[in-house]
Amino acid sequence: MAIMKRINIHIGEYYSSSEPAVITTILGPCVAVCLYEQTSRIGGMNHILLPGGKTDGSDSGDARYAINAMELLINQMMKSGADRYRLKAKVFGGAQIYPFLKQEMAMGLKNIEMVIDFLITERIPIINYNFGGSNPRKIYFYTGTGDVLMQKIKTSEVMEEFENLKLKRIEIEKRIRKTGNCLFFD
């Protein structure tokens, strides 16, 4: 049995494949759109940080923005042979992981609204979704089948992981300080 390629994407990244692969990401208020075209078996996913698009022309390829991320992913899939008019979407994320923020200030809801509006305008059917709430999600997208597995992560688990990373960083910094010398270079 062949091992499937596994790709982990982060904020502002996108990936598509005509070969079976698993694309993963972790979402809080960010949104991921999984696109799949069944005839060509091409699938792709993006990781959107901000609603809208970059309009000042400084970097129209900035995939952190919803419109740019959607257009870049669709174009990449079409270059691989996907039929743009047969794409189907699955949308995830948009959690409000910081309960102290007012709902109207929550970026997650704005991201979801932007993505949904884009997909409706572009006539790309949304066949599945899971968004909102207060828990982050881990997404596993199988490009060869269009299947998505989603795991909700308790906010407390995420905070505990951040705390563990912080403690590891402090320990590493202590080890660096013990050496007494620090060399900076470009």
Side-chain angles (χ1 to χ4, degrees), residues 1-51 63-66 68-84 86-98 106-109 111-116 118-119 122 124-165:
M1 182 174 186
I3 296 176
M4 199 175 310
K5 186 176 186 178
R6 186 172 178 157
I7 307 298
N8 188 29
I9 64 171
H10 303 282
I11 292 171
E13 295 180 340
Y14 58 98
Y15 183 85
S16 68
S17 180
S18 57
E19 298 294 322
V22 180
I23 308 172
T24 65
T25 197
I26 295 177
L27 305 166
C30 292
V31 171
V33 178
C34 302
L35 295 177
Y36 181 67
E37 200 267 283
Q38 187 171 359
T39 304
S40 64
R41 295 187 181 272
I42 296 173
M45 180 168 69
N46 54 27
H47 187 134
I48 299 165
L49 173 66
L50 300 166
R64 293 176 300 165
Y65 293 88
N68 299 356
M70 293 304 302
E71 290 176 351
L72 289 165
L73 179 59
I74 290 168
N75 289 338
Q76 186 180 70
M77 291 176 68
M78 288 172 45
K79 285 179 186 173
S80 296
D83 181 345
R84 188 252 173 276
R86 293 183 183 196
L87 293 175
K88 297 197 179 343
K90 297 180 180 182
V91 182
F92 303 91
Q96 185 174 347
I97 60 174
Y98 303 111
M107 196 56 64
L109 182 59
N111 285 334
I112 290 295
E113 288 174 333
M114 179 60 71
V115 166
I116 299 301
F118 178 92
L119 293 168
E122 296 297 318
I124 299 173
I126 301 165
I127 59 171
N128 203 341
Y129 61 87
N130 187 286
F131 53 79
S134 60
N135 290 324
R137 297 159 172 83
K138 183 159 189 173
I139 306 298
Y140 302 85
F141 177 52
Y142 293 80
T143 64
T145 63
D147 292 333
V148 175
L149 296 177
M150 183 197 77
Q151 175 185 13
K152 284 196 177 179
I153 305 168
K154 291 188 168 123
T155 305
S156 60
E157 291 173 9
V158 172
M159 294 308 193
E160 184 178 318
E161 181 64 24
F162 284 138
E163 189 60 32
N164 288 339
L165 290 172

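Note that the coordinates shown come from a computational prediction; the quantities given were computed from them, not determined experimentally.
Across all their heavy atoms, Phe92 and Tyr129 have their closest contact at CE2-C, 4.5 Å. Pairing each heavy atom of Tyr65 with each of Pro51, the nearest pair is CD2-O, 3.8 Å. A pairwise comparison of heavy atoms in Gly12 and Ala63 identifies O-CB, 3.2 Å as the closest pair.
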**OP:** Walk me through it: do Ile48 and Cys30 pass the test side chain to side chain contact (heavy atoms under 4.5 Å, CB included)?
**Re:** CA-CA 5 Å; Ile48 299 165; Cys30 292; 5.9 Å; no

Original post:
Please walk me through it: do Ser16 and Gln76 pass side chain to side chain donor-acceptor pair (under 3.5 Å)?
Top reply: CA-CA 7 Å; Ser16 68; Gln76 186 180 70; 2.9 Å; yes

Original post:
After noting the C-alpha distance and the side-chain angles of Leu87 and Met77, does the key distance pass the side chain to side chain contact (heavy atoms under 4.5 Å, CB included) rule?
Top reply: CA-CA 10 Å; Leu87 293 175; Met77 291 176 68; 3.6 Å; yes

Original post:
side chain to side chain contact (heavy atoms under 4.5 Å, CB included) between Ile42 and Ser17: does it pass, once the steps are laid out?
Top reply: CA-CA 6 Å; Ile42 296 173; Ser17 180; over 6 Å; no

Original post:
Where do Thr24 and Ile7 land on the side chain to side chain contact (heavy atoms under 4.5 Å, CB included) test, with the steps shown first?
Top reply: CA-CA 6 Å; Thr24 65; Ile7 307 298; over 6 Å; no

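Other residues, nucleotides and ligands contribute at most 12 non-hydrogen atoms within 6.0 Å of the CD atom of Gln38. With a 6.0 Å radius and a threshold of 12 heavy atoms from other residues, nucleotides or ligands, Arg84 has its CZ atom above the threshold. Heavy-atom contacts from other residues, nucleotides or ligands closer than 6.0 Å to OH of Tyr140 number more than 12.
Not a single donor-acceptor pair under 3.5 Å links the side chain of Asp147 to the backbone N or O of Tyr142. Of the possible donor and acceptor atoms, one in the side chain of Asn111 sits under 3.5 Å from a partner among the backbone N and O of Leu49. Under a 3.5 Å cut-off, the side chain of Thr143 and the backbone N or O of Ala21 do form a donor-acceptor pair. With hydrogens and angles disregarded, a donor-acceptor distance shorter than 3.5 Å links the side chain of Lys90 to the backbone of Gly146. A distance-only check finds no donor-acceptor pair linking the side chain of Ser80 to the backbone of Ser18 [under 3.5 Å]. Within the 3.5 Å criterion, the main-chain N or O of His10 finds a donor-acceptor partner in the side chain of Glu13.
Within the model, atoms OH of Tyr14 and OG1 of Thr25 stand 15.0 Å from one another, a figure rounded to the nearest 0.5 Å.
Applying the salt bridge (charged side-chain N to carboxylate O under 4.0 Å, His left out) test to residues at least two apart or on different chains, none of the pairs has a partner in residues 19-41.
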